Amino acid sequence: MRLLLLGNEAIAYGALSGGVAAATAYPGTPSTEILETLEEFKDRFVHWATNEKTAFELAYGAALAGARALTAMKHVGLNVAADPLHSAAYTGVEGGFLIVTADDPWMHSSQNEQDTRWYGLQSYVPVLEPSNPAEACKMAKAAFELSERLKHPVMLRSVTRVSHVRAPVELEPPAPPKWGRFTRDVKRFNLVPANARERRKELVEKWEKMRDVAGEYVSVEGSGDVAVVASGVAYNYVKEALRRLRISATVVKLGMPIPVPRKVAELAKSVIVVEEGDPVVEFQLRAMGVATKGKLDGYFPKYGELDIGKVAAGLAKALDLPYDPPQPPKPPVEPAPRPPALCPGCPHMGTFYILRLATAGLNPLWSGDIGCYSLGINMGQQDLITHMGSSVGLGAGISITGRHFVVATVGDSTFYHAVLPQLIDVATRQVPILIVVMDNAYTAMTGGQPSPSRAVPVEKITEALGLPTFVIDPVDIKRSVETVKKAVEVVKAGKPAVVVSRRPCTLIATRKARRAGLQLPKYRVDPDRCTGCGLCYNLLRCSAISKRPDKKAYVDPSLCVGCGMCAEVCPFGAFVPEGRRDRWLELWQQA
Amino acid sequence: MATSIVIMGVGGQGVLTLARWIGEAALAEGYDVRIAEIHGMSQRGGSVEVHVRFGREVYAPIVEEAGADLVIALEAVEALRGFRYLKPGGVLVINKRVIQPPGRWYELGEVVDAIRKSWPKTYIVPCYEAALGLGSALYENSVMLGFVSQLLGLPMPPSLDERNQAAFRKGMQLFQEAAAADQ
């Protein structure tokens, strides 16, 4: 069956036809759809884990016990799982173990451009790199056998333009899950120094053998004096750029760029290297004594994503050929930026507004985190966001300098993923910080995967740690401001406090309400009452509300979901409801 | 040679769906297809762009600047943002609608006139209006699909439900009217 599949779906179906038994992941763009696809298959263990390390450990443990296992994550997720990754190379595995990472060059939805292929070199784990969804499907399937043959974990590095590209894929039926059982072997699995030293020696020898294995993934196309080495998605741009430049070249395609096979160094003394991300292949080739023209010397850009034009320009430069592409046309009117914004009716919008009012005059430092609420940047309420857990981790670090009133905002999924250990530091040292958990019951930014917040409510944890905890409803703005003020007083007195702002993701709630046949209320502006003060569009910043040329507010009826937060903040009663809100608010709370 | 298309719009308008429909139609015609989607952060309310390429043999999944044969905009301000993708001689098709970006107000007529003047190969299509006529703004992408299918020589994709089929036919009709007006 030939279907248009997303690269991530193709990876999932590949793993299914490879007999995957256990699959785990923490959601993260551009990797999320791998596990989402696998979730449909109830005959295997499929689990959204608390973070990438716990996901990795579940899969690694299953593979130690002989099961075929997959763990998937975005590139930065592998940082969280890096500790067990390195050990997995030392112990090896019994069942096939496939680690899928999806890199995000040009950071469409990420904080950095990290190239996870480096991890392959650093941890001695071979890396497969597909160029398109069809290849990703085949590689994912074959990876389990390869891993079992090598008794070693195998990584598959995808990128946004493989994971989130839809292309024709030939589907194979799923194979039954392959389980196994653990066989005790203390010298192998217990990495105390005496054992680890022996494993290290083996690992170094194994790595040299893997160079030959990587040779099985080399394909050579075309002919000509010019040799171009291309890995992964870069191969596509090379094919089309060569055609555009009318150059005949020998294209050496690497399906396994880590480790670079010796064979490649034997093919040509001098090559052009095209790869997405860092010059990982180029470094290895230079170390083998091959003369290269690639990213190291700036033939291809060192940041961002490749495309046909960039590759054509680089090839032309390397070969000293003229290349004069057309210039992009300029629009007649500059388009105003349309940055991503919180959805209309998003509970985070209410929480930010409440926090602003409750901390008025304190000039708080807003320590942010990764999730939809990163968009608090639009309200000037996310001064720093660096990584999962930065809200409380870095916020506490800033607080101990004694000069700032720190408000740490974190979503529920990120709270469980990365904040629990910091919370204990905060509790044991009584760091004065206001921790605000924006609990919308889902991992919303990646499409609404389940979060542990209902099974293990935040306040149960924070109260167990002795942290004063206040629970609010973010659409109930006036009352919540008064509650948060109490938490602010605790922090002003030099102690930590926690606010749990609880209301499910609006996007999921509206979907459920429509399915239940509920007509959502709508709000409109009474132009006689609106004074154009701008509280709604400047401070609340509901994206259904815009500013008319006369400064008065306008609610786009196709966007309004009837949350009523605008009516709560408007001092002039200018927002008029059409339809009733109580039933909707109740259903929403249960979403 | 591949046909390169860039689709621009605002999150929630059905940009991804439109791209998938074009991809399905091209696949049904026996073409190779690549659709480059962007998920995640930009999904709601932000600018969204999706690239579609189809042809006998396609490799690259994305369209470079000045590389698109066709730019489709489901919204006029996003059409301005999509200008940079137009290749010399490329065609621009715009849904006649403005969704106001934060902090600035655009008059639809002014934007449309400016675009027409600076890029003569432009079609302004009342997809939004037609979709409302069919009962919901949700159909604006299927009206647009009907229109561009005529430009691209592609059939109706197999997965359209009845109401989207009606919207598709409306889009085809709008194309025939536009073509007649051109002559």
Side-chain angles (χ1 to χ4, degrees), chain A residues 2 4 6 29-30 32-33 108-109 131-132 160-162 164-168 233 235-240 305 307-310 325-344 372 374-375 378 445-447 507 537 541 543 546-549 554 556 558-559, chain B residues 2 10-12 19-20 23-24 27 32-47 51-52 57-67 77-88 90 99-107 110-111 113-115 117-119 136-137:
Chain A
R2 200 156 170 259
L4 266 188
L6 212 51
T29 312
T32 310
E33 299 81 1
H108 298 284
S109 200
S131 67
N132 62 36
T160 301
R161 302 314 185 171
V162 173
H164 282 173
V165 162
R166 212 168 269 277
V233 75
Y235 164 79
N236 301 301
Y237 306 122
V238 168
K239 288 290 278 188
E240 294 205 33
E305 292 183 301
D307 60 28
I308 304 171
K310 287 177 192 169
Q327 289 303 304
K330 289 231 178 325
V333 182
E334 259 325 295
R338 197 191 304 267
L342 293 174
C343 304
C372 294
S374 300
L375 297 170
N378 296 341
M445 193 166 78
T446 48
L507 211 55
Y537 51 74
R541 294 184 80 107
S543 45
S546 46
K547 176 182 168 185
R548 287 183 184 276
Y554 166 73
D556 185 332
S558 71
L559 298 175
Chain B
V10 178
R20 277 173 215 174
E24 275 174 31
L27 190 72
D32 196 6
V33 179
R34 297 287 182 276
I35 305 172
E37 305 182 350
I38 286 296
H39 296 216
M41 188 107 150
S42 49
Q43 221 169 16
R44 294 287 148 184
S47 303
H51 298 189
V52 183
E57 198 184 43
V58 186
Y59 289 94
I62 57 172
V63 181
E64 72 213 278
E65 292 189 346
V77 179
E78 296 311 312
L80 297 169
R81 218 182 307 283
F83 248 69
R84 67 184 193 281
Y85 285 113
L86 285 162
K87 74 157 61 153
I99 298 172
Q100 301 298 345
R104 215 170 129 187
W105 189 274
Y106 288 87
E107 286 301 336
E110 287 170 20
V111 176
D113 286 346
I115 291 175
K117 268 182 212 141
S118 76
W119 200 266
S136 167

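Worth saying up front: this structure is predicted, and the values here are computed from it rather than measured. In the text below, chain A, chain B and the rest are named by the order of the sequence lines, each starting its count at 1.
- Between chain B and the residues A:S546, A:P168, A:S131, the most heavy-atom pairs under 4.5 angstrom are made by A:P168.
- Side-chain N or O atoms of B:E65 include none that pairs as donor or acceptor with a backbone N or O of A:Q327 at under 3.5 Å.
- Residues A:Y237 and B:I62 are in side-chain contact: their nearest non-hydrogen atoms beyond the backbone lie under 4.5 Å apart.
- The candidate from B:I99, B:V58, B:D32 with the greatest count of non-hydrogen atom pairs under 4.5 Å with chain A is B:I99.
- Within the model, atoms NZ of A:K547 and CZ of B:R104 stand 12.5 Å from one another, a figure rounded to the nearest 0.5 Å.
- Proximity of B:I35 to A:L4: side-chain heavy atoms (C-beta onward) are separated by under 4.5 Å at one or more points.
- The contact between B:L27 and chain A is made entirely by side chain atoms (from C-beta outward), counting heavy-atom distances below 4.5 Å.
- Counting heavy-atom pairs under 4.5 Å between each of A:D556, A:N236, A:T32 and chain B puts A:N236 at the top.
- Smallest separation of non-hydrogen atoms from A:P332 and B:F83: CD-CZ, 3.7 Å.
- Between B:R34 and A:R166 there is no side-chain heavy-atom pair separated by less than 4.5 Å.
- Side chains of B:E37 and A:V165 form no contact here, defined as non-hydrogen atoms less than 4.5 Å apart.
- Within the 4.5 angstrom heavy-atom criterion, no atom of B:A137 approaches chain A.
- Of the atoms belonging to A:Y235, it is side-chain heavy atoms, and not backbone ones, that fall under 4.5 Å from chain B.
- A salt bridge between A:K239 and B:E57 is absent, with no side-chain N of the basic residue lying under 4.0 Å from a carboxylate O of the acidic one.
- Side chain of B:E64 to main chain of A:G309: a donor-acceptor pair is present (N/O by atom type, distance under 3.5 Å, no hydrogens or angles).
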Could you go step by step and tell me if A:K330 and B:R84 meet the side chain to side chain contact (heavy atoms under 4.5 Å, CB included) rule? CA-CA 6 Å; A:K330 289 231 178 325; B:R84 67 184 193 281; over 6 Å; no
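- Summarising the geometry of A:P335 relative to B:V77, their closest heavy-atom pair is CB-O, 3.7 Å, with the distance given to 0.1 Å.
- Of the listed residues A:P337, A:P30, A:S543, the one with more heavy-atom pairs under 4.5 angstrom with chain B than any other is A:P337.
- Heavy atoms of B:V63 lying under 4.5 Å from chain A are absent altogether.
- Residue A:S558 touches chain B through its side chain alone, counting heavy-atom pairs closer than 4.5 Å.
- Within the 4.5 angstrom heavy-atom criterion, atoms from both the backbone and the side chain of A:P329 approach chain B.
- Looking at A:R161, its side chain never comes within 3.5 Å of a backbone N or O of B:A60 through a donor-acceptor pair.
- For the atom pair OH (B:Y59) and CG (A:N132), the distance works out to 9.5 Å, reported to the nearest 0.5 Å.
- Between B:L80 and A:P331, the shortest heavy-atom contact is O-CB, 3.4 Å.
- Side-chain N or O atoms of B:Y106 include one that pairs as donor or acceptor with a backbone N or O of A:A336 at under 3.5 Å.
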